[in-house]
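Presented below is the structure to which this report refers.
What you see below is based on every heavy atom in this structure, not just the backbone, and it leaves out hydrogens, waters and symmetry mates.
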Amino acid sequence: MATQTAETLTENETPEAVVVRFAGDSGDGMQLTGGQFTLSTALAGNDLATFPDFPAEIRAPQGTLFGVSAFQINFGSTDIETAGDAPDVLVAMNPAALKVNAPALKPGGLIIADTGEFSTRNLEKAKYEENPLENDSLAKWDVLAFDISALTLEAVKPFGLGNKEALRCKNMWTLGLALWMFDRDRAPLIEWLKAKFKKHPVIADANIAALNAGHAYGETAEISGPLKKVHLPPAEAQPGLYRTITGAESISLGLVAGAQLANLPMFFGGYPITPASAILHHLARLKEFGVTTFQAEDEIAAVCAAIGASYAGQLGVTSSSGPGIALKTEAIGLGIMTELPLVIVNSQRGGPSTGLPTKTEQSDLYQAVYGRNGDAPLAVVAARSPGDAFDCAIEACRLATRYMTPVMLLTDGYIANAAEPWKVPDPSAYEPFPVTFLEEKNAGDELLPYKRDEKGARPWIKAGTPGLMHRIGGIEKNADTGNIDYSPANHQAMTDARKDKIEGIARDIPLQEVAMGEDSGTLAVVGWGSTFGPIHQAVRRARKKGLSVSHIHVRHVWPMPSNMAELLAGFDHVLVPEMNTGQFKTVLRDQFMIDAHSLTKTSGQPFSIAEMEEAIAQYFDSTSDNEGGEVEANKTQLPSPKTVNS
Amino acid sequence: MNDMTPIETTLKDWESDQEVRWCPGCGDYAILKAVQRTLPQLKADPAKTVFISGIGCSSRFPYYVESYGFHTIHGRAPAFATGVKLANPELDIWLVTGDGDGLSIGGNHLMHVLRRNVDMQIMLFNNEIYGLTKGQYSPTSREGTHTPSTPQGSIDHPANPCAFALGSGARFVARGYDVSKDLPDVLKAAHAHKGAAFIEIFQNCIVYNKDVFEDFTAKKTSAETQIWLEDGKPMLFAKGTKGIALDQESFALKVVDVEGDDWQTAGVLVHNVKSRALAHMLVELPFGPFPMPLGVIYDNPAVTFESAVVEQNKQASEGKTPDFAALLARGQTWTVSGTAQDPV
């Protein structure tokens with residue numbers, strides 16, 4: 001929660017939280033710098049959230065506006081649930097990075113810029129008519145501009161690197177300065193550099209020298225004014241062992257955990273696509289946990305192979321992003337029709353079509369809930385944070401195996417890439433859900449592959465089991481025998497059975513809880529997925545002002561918990577913020593006939609807390625003592641017009 | 001093929017209780033019987049046998065065989081079969097597809113299952129037409145084929161299934177036809193091959209493309225119009241009076257006359273199933289000037305995909321204890337104990 005302004009920061013008081021954004025050229029190593037700063041922050045015991053924001057181009061032309069890569073981190077002594085709205089500190093490695101990112105900076109915030117990169121040519125590329133460091137265009141911020149490039153070259157001189165290689169150490173110099181600013185230990189980083197450049201000790205030494213030089217610069221340079229050392233005490237956290245984790249990592253681990261709890265080997269069929277590929281990469285290194293990974297020829301083959309593996313008795317899993325999920329859709333329908341377990345992970349990104357591959361969005365909800373031919377109900381679970389994705393992946397495996405059906409796990413580009421501290425869970429704390437395969441005929445002398453249990457699930461028969469030969473397929477099948485049967489009454493019965501089975505999941509999931517606030521009142525802010533952080537903080541702030549607001553965050557998007565209707569009925573208004581044009585709002589209206597309103601954003605950027613606060617405030621405009629109504633959204637992060645339908 | 005325990009069965013054991021629903025007189029009936037006749041000879045175990053198909057007339061096949069069966073979606077059967085085989089390499093897989101399913105919508109998957117060399121028998125029923133959708137032309141239809149979607153005749157060049165398979169890296173390529181008495185022998189050879197075994201089976205669609213293969217399947221003239229290939233045997237046809245030889249100048253195959261039994265003097269080639277170059281020439285032979293090459297064209301096994309995957313999984317796991325709790329705590333960690341001001 002980034003409530004302190006940079007003014008308080010420069011006064012050298014201790015703020016509760018600070019937002020820092022590292023921005024530079026794609027080739028400047030900003031993601032790496034951010035990642036290492038994150039690690040040092042975690043090791044210092046601060047809570048944190050990060051937002052990596054990088055271009056879709058692999059090597060965008062140097063110095064250009066579209067080639068800017070940024071990494072934002074919000075860290076502090078209190079609970080951090082978003083990557084922060086506006087940065088307190090911006091590190092700009094070139095003019096383009098300054099141009100793109102300065103508008104987001106808080107008034108009074110600190111800009112650290114490398115003058116060595118502010119050449120005429122780079123200024124032109126960034127479309128600056130004159131050098132912003134030399135006029136008053138940055139007057140509302142504190143600017144600390146010095147030649148980081150030259151200082152880096154000087155620091156690494158003893159190692160005899162070429163100019164280009166030497167300049168690559170700039171990011172470590174900058175990181176060294178940042179570590180000094182926030183009173184961080186350099187030792188873990190030095191260890192990391194030594195390990196990373198094990199085969200090139202000279203490079204390791206040069207980077208370490210740059211890191212130390214940056215740190216020493218903060219320590220010794222006689223800079224008055226903006227640059228001050230800040231120490232943020234550790235955040236309060238539950239005792240235990242912690243690590244940082246990204247969504248892609250936690251989903252991979254959650255899938256392995258799910259397969260282990262089901263007592264099954266896992267088969268993962270994937271096809272490279274941003275931002276989902278990281279899951280394939282992680283799982284490919286976990287073969288000793290009974291994981292087989294298969295990089296298929298396309299998205300369709302990936303899901304089909306996973307279904308084939310389920311038919312042969314493994315837990316079939318596939319993963320993609322929206323465009324790939326579209327390709328898999330027919331096969332998912334077959335999974336629903338044949339009633340085989342399948343977990344589908346959808347790391348959502350901006351769409352439609354190729355859309356914004358590296359940017360985040362929640363616009364595949366319709367695709368998940370409604371997006372198939374025929375009446376093909378699909379269970380859908382949505383993760384709200386990198387850490388939460390672990391539990392959601394386990395839940396998807398549990399539902400898929402218990403109900404013999406495909407389950408979609410929704411995550412998004414933000415969750416997949418972002419990191420947060422994660423309390424390492426104890427695997428034994430999770431209740432196992434071991435699968436029982438049918439081993440003998442289940443109706444006297446007869447085998448009925450589609451005979452249902454009390455949950456409506458059919459038996460799982462592993463291909464290869466002696467005496468249980470049977471045929472399955474996409475054609476409508478007889479309610480018991482599974483043989484082809486498209487008689488009218490049978491199709492009606494089977495359609496109903498498939499629907500009832502999925503709807504029945506509502507009885508097997510926890511009741512919907514209120515994440516913050518009372519279970520009735522004036523306004524419920526209902527979210528799903530990665531909007532958890534900004535909603536939670538905005539609701540917290542609104543509640544501090546005495547407003548009657550509650551935060552409800554839905555994990556089981558389809559079917560929803562059985563108390564949802566009753567819970568929502570207890571509020572006068574329902575506001576649904578989401579990073580799409582209002583999809584969950586439609587689902588809520590459809591399911592509960594309530595007057596749910598939208599707050600939408602489709603800029604490829606997560607919501608800011610201020611945007612949420614402003615939207616909440618609108619519901620209380622006529623209420624006396626409404627401080628909320630005065631909250632102004634950060635216009636630079638609010639690119640779409642307000643869409644609150646009040 | 002796979003290494004299963006031999007099981008004694010009869011043709012009857014391989015008939016499911018499902019009523020066969022192909023058109024009366026369809027070539028599929030003959031293929032079904034040939035397969036059901038072959039399986040007992042292979043000592044196959046119904047519980048370890050899986051028939052997997054896509055969509056089309058041919059793809060109804062699994063419902064009629066008393067084994068495991070999976071009727072999947074259009075063109076994707078090779079992908080499902082790959083998943084089944086990787087999940088349980090002990091299963092013996094028969095893939096059933098057609099010219100539309102395998103070469104149109106599913107051409108991509110067919111290519112990859114062949115190049116990966118996943119162990120299974122792939123039967124492509126080629127009737128040069130879309131039957132189940134009522135008679136549109138297919139990727140193997142000859143130019144000028146008149147159908148509801150090509151009232152003026154089709155204008156695209158047909159695909160050659162065996163050439164496609166070879167080009168995709170197939171290690172086994174064979175041909176047969178529905179009513180041929182030799183089809184079981186071709187199936188047996190495919191089954192004996194460890195790896196992806198591709199069999200093009202010409203199949204007579206009596207409703208939409210009747211007798212399109214009559215040129216070479218008609219019994220009366222078959223001696224002249226067919227050449228059955230056997231490994232290590234001279235490539236003779238027309239009761240030994242003609243043979244296939246190599247024209248050194250054009251570096252192409254030619255038909256030569258054979259005097260008496262002296263095929264050697266005539267320069268007739270001896271079939272070698274391990275020669276990829278010869279296989280390429282054989283599958284490209286134009287019918288008419290040449291007889292239709294049938295039987296095993298190419299059979300040269302290589303490491304199978306599933307065995308390599310199993311091996312790699314084994315190697316990756318060697319010397320590692322799968323400790324899940326340790327995996328969760330991998331990377332840099334820190335411990336929080338007590339209050340906020342007291343990190344350790």
For chain A, find which of [options] contributes the most heavy-atom pairs closer than 4.5 angstrom.
| options | value |
| --- | --- |
| B:Pro46, B:Ala87, B:Ala316 | B:Ala87 |
| B:Gly69, B:Ala79, B:Pro62 | B:Gly69 |
| B:His109, B:Gln18, B:Arg76 | B:His109 |
| B:Lys320, B:Arg21, B:Arg116 | B:Arg116 |
| B:Asn88, B:Val65, B:Asn313 | B:Asn313 |
| B:Leu86, B:Thr82, B:Thr333 | B:Thr333 |

Identify which of [options] forms the greatest number of heavy-atom pairs closer than 4.5 Å to chain B.
| options | value |
| --- | --- |
| A:Gly333, A:Gly473, A:Gly467, A:Gly474 | A:Gly473 |
| A:Pro188, A:Ala42, A:Ala331 | A:Ala42 |
| A:Leu468, A:Val256, A:Thr338 | A:Leu468 |
| A:Ala463, A:Ser428, A:Ala312, A:Ala301 | A:Ala463 |
| A:Val424, A:Asn483, A:Asp426 | A:Asn483 |

Measuring heavy-atom distances to chain B, does [X] have an atom under 4.5 Å in its side chain, in its backbone, in both, or in neither?
| X | answer |
| --- | --- |
| A:Ile461 | side chain |
| A:Ser250 | neither |
| A:Leu334 | side chain |
| A:Ala257 | both |
| A:Pro425 | both |
| A:Lys462 | backbone |
| A:Ala306 | neither |
| A:Gln260 | side chain |
| A:Ile245 | neither |
| A:Leu264 | neither |
| A:Leu39 | side chain |
| A:Trp422 | side chain |
| A:Phe294 | side chain |
| A:Val291 | backbone |

Is it the case that the side chain of B:Asp101 and the backbone of B:Ile55 share a donor-acceptor pair, with hydrogens and angles ignored and the cut-off at 3.5 Å?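 Present.
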Quick one: does A:Lys287's side chain have a donor or acceptor within less than 3.5 Å of a partner on A:Ala284's backbone?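 Checked: pair present.
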Pi-cation contact, B:Tyr63 with A:Arg471 (under 6.0 Å, within 45°):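 Judged by the rule (NZ or CZ under 6.0 Å from the ring centre, within 45° of its axis), A:Arg471 is not positioned above B:Tyr63.
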Report yes or no: is the cationic atom of A:Arg184 (NZ for Lys, CZ for Arg) closer than 6.0 Å to the six-membered ring centre of A:Phe75, at no more than 45° off its axis?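 Yes, a cation-pi geometry holds between A:Arg184 and A:Phe75.
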Side chains of [X] and [Y] only: does a donor on one sit below 3.5 Å from an acceptor on the other?
| X | Y | value |
| --- | --- | --- |
| A:Lys328 | A:Thr318 | yes |
| B:Asp99 | B:Tyr130 | no |
| B:Gln41 | B:Thr38 | no |
| B:Gln203 | B:Asp28 | yes |
| B:Ser307 | B:Thr304 | yes |
| B:Asp92 | B:His191 | yes |
| A:Ser487 | A:Asp485 | yes |

Tell me if the centroids of the rings in A:Tyr311 and A:Phe267 come within less than 6.0 Å of each other.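 No, the ring of A:Tyr311 stays outside the 6.0 Å limit from the ring of A:Phe267, centre to centre.
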For the residue pair B:Phe324 and A:Phe289, categorise the inter-ring angle as parallel (less than 30°), tilted (30 to 60°) or perpendicular (more than 60°).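 B:Phe324 vs A:Phe289 ring planes: perpendicular.
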Let me know if B:Arg115 has heavy atoms under 4.5 Å from chain A in its side chain, its backbone, both or neither.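 Neither part.
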With a 4.5 angstrom heavy-atom cut-off, which part of B:Val310 approaches chain A: side chain, backbone, both or neither?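 For B:Val310, neither part sits under 4.5 Å from chain A.
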Taking ring pair (Phe, Tyr, Trp, His ring centres under 6.0 Å) as the criterion, tell me which of B:Tyr29, B:Phe51, B:Trp14, B:Trp22 meets it with B:Tyr64.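 Going through B:Tyr29, B:Phe51, B:Trp14, B:Trp22 one by one, the ring pair (Phe, Tyr, Trp, His ring centres under 6.0 Å) with B:Tyr64 is satisfied by B:Trp22 alone.
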Show your reasoning for whether side chain to side chain contact (heavy atoms under 4.5 Å, CB included) applies to B:Thr9 and B:Leu39. CA-CA 8 Å; B:Thr9 56; B:Leu39 288 163; 5.7 Å; no
Check against side chain to side chain donor-acceptor pair (under 3.5 Å), B:Gln136 and B:Thr133: CA-CA 7 Å; B:Gln136 300 84 356; B:Thr133 52; 2.7 Å; yes
